[in-house]
Amino acid sequence: MNAGFFARPVVEVARDLVGCVVAHGPTAGVIVETEAYHESEPACHAYVGRTARTTVLFGTPGTAYVYRSYGIHALLNAVCEPEGVGAAVLIRALEPVSGLEEMRARRGRDDLCNGPGKLTQALGVELAENATSLLHGPVQIHEGDSRMPVVAGVRIGITKAVELPWRFCARGNPHVSRPWPR
DNA sequence: GTATGGATCTTCT
DNA sequence: GAAGATCCATACA
């Protein structure tokens, strides 16, 4: 994966990331579900501008943005758009491909990566990986199947800008966080 | 099968 | 002091 991939409109990157591979140590999975977030809409953390928390969103494309959700889960994002624009793609679900035993040990159950909080636990990704590079850091994203059929829908679990069709799933893939609506 | 509530922490007001 | 890009156990139909 190269830096130019992430320095594009965040919605394009979100669509193209489906089929790519996320790896952390011995564990890895194919991305089957993403959501795009952009500073221009209120569901995005960068909407409020630069703060201590959101600075990484405005930084180098291809950087990991990891934050704690509901006090319990770490959520993994890929910073997008040119430097200075606050945008990121949330990785919502993976199809596990390696390190399955490690994932099961961390999860303690068999649904390993079908949710944004679950996949970080399965991969062992935590807040320590925030602001690290997805190109050459501990968590990496690699090229995958660019021909994978993708469908778009509305985002999940948010209360603002709920109408934007910025969620992308691998069509028919059983590892998505929720069955495709409609 | 759907519905509800609790866990627990970071950030910003 | 409140809100939140979640997950899971439990209750009920």
Send over the distance from [X] [atom1] to [N] [atom2], rounded to a whole Å.
X: A:Arg53; N: C:dA3; atom1: CZ; atom2: P; value: 15 Å
X: A:Glu39; N: C:dA5; atom1: CD; atom2: P; value: 17 Å
X: A:Asn114; N: C:dC7; atom1: CG; atom2: P; value: 8 Å
X: A:Glu35; N: C:dA5; atom1: CD; atom2: P; value: 10 Å
X: A:Leu90; N: C:dT6; atom1: CG; atom2: C1'; value: 11 Å
X: A:Leu112; N: C:dT6; atom1: CG; atom2: P; value: 19 Å
X: A:Arg155; N: C:dT6; atom1: CZ; atom2: P; value: 11 Å

**Asked** 5'-most contact on DNA chain C: A:Gln121 or A:Tyr37, nearest heavy atom basis?
**Response**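 The residue closer to the strand's 5' end, by nearest nucleotide, is A:Tyr37.
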**Message:** By the 4.0 Å heavy-atom rule, please label A:Arg92 as base, sugar-phosphate, or nothing.
**Reply:**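 Sugar-phosphate only.
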**Prompt:** What is the minimum heavy-atom distance between A:Arg106 and A:Ala122, and which atoms define it?
**Reply:**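 Closest approach of A:Arg106 to A:Ala122: NH1-O, 2.8 Å.
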**Message:** Quick check: closest heavy atoms across A:Ala161 and A:Arg155, and the distance to 0.1 Å?
**Reply:**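 It is O-NH2, 3.2 Å.
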**Message:** For C:dC8 and A:Lys118 - does any side-chain N or O of the residue sit under 4.0 Å from the phosphate oxygens OP1/OP2?
**Reply:**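 Affirmative; the distance criterion is met.
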**Asked** OP1, OP2 of C:dA9 versus side-chain N and O of A:Arg109: anything below 4.0 Å?
**Response**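 The answer is yes; a side-chain N or O of A:Arg109 sits under 4.0 Å from OP1 or OP2.
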Would you say the side chain of [Y] lies within less than 4.5 Å of the side chain of [X], judging by non-hydrogen atoms?
X: A:Lys118; Y: A:Arg107; value: yes
X: A:Leu57; Y: A:Tyr37; value: no
X: A:Phe6; Y: A:Leu17; value: yes
X: A:Arg167; Y: A:Glu33; value: yes
X: A:Glu39; Y: A:Val85; value: yes
X: A:Arg53; Y: A:Tyr65; value: yes

**Message:** For DNA chain B, which residues of residues 62-84 of chain A approach it to below 4.0 angstrom with any heavy atom?
**Reply:**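 The answer is A:Arg68, A:Tyr70, A:Gly71, A:Ile72.
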**Prompt:** chain A on DNA chain B: first and last contacting nucleotide, 5' to 3', under 4.0 Å to a heavy atom?
**Reply:**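 Boundary nucleotides touching chain A, in 5' to 3' order, are B:dA7 to B:dC12.
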**Request:** Could you tell me the separation between the CD1 atom of A:Ile156 and the CD1 atom of A:Ile158, rounded to the nearest 0.5 Å?
**Result:**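 If I round to the nearest 0.5 Å, the distance is 9.5 Å.
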**Prompt:** At what distance, to the nearest 0.5 angstrom, does CG of A:Leu90 lie from CG of A:Leu76?
**Reply:**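 Rounded to the nearest 0.5 Å, the CG-CG separation comes out at 8.0 Å.
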**Request:** For A:Thr27 and A:Glu102, test the side chains for any donor-to-acceptor distance below 3.5 angstrom and give the result as yes or no.
**Result:**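 Per modelled atom types, A:Thr27 and A:Glu102 side chains form no pair under 3.5 Å.
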**Strand DNA chain B in bracket notation, Watson-Crick/G-U under 3.5 Å with | for pairs to another chain** = |||||||.||||.
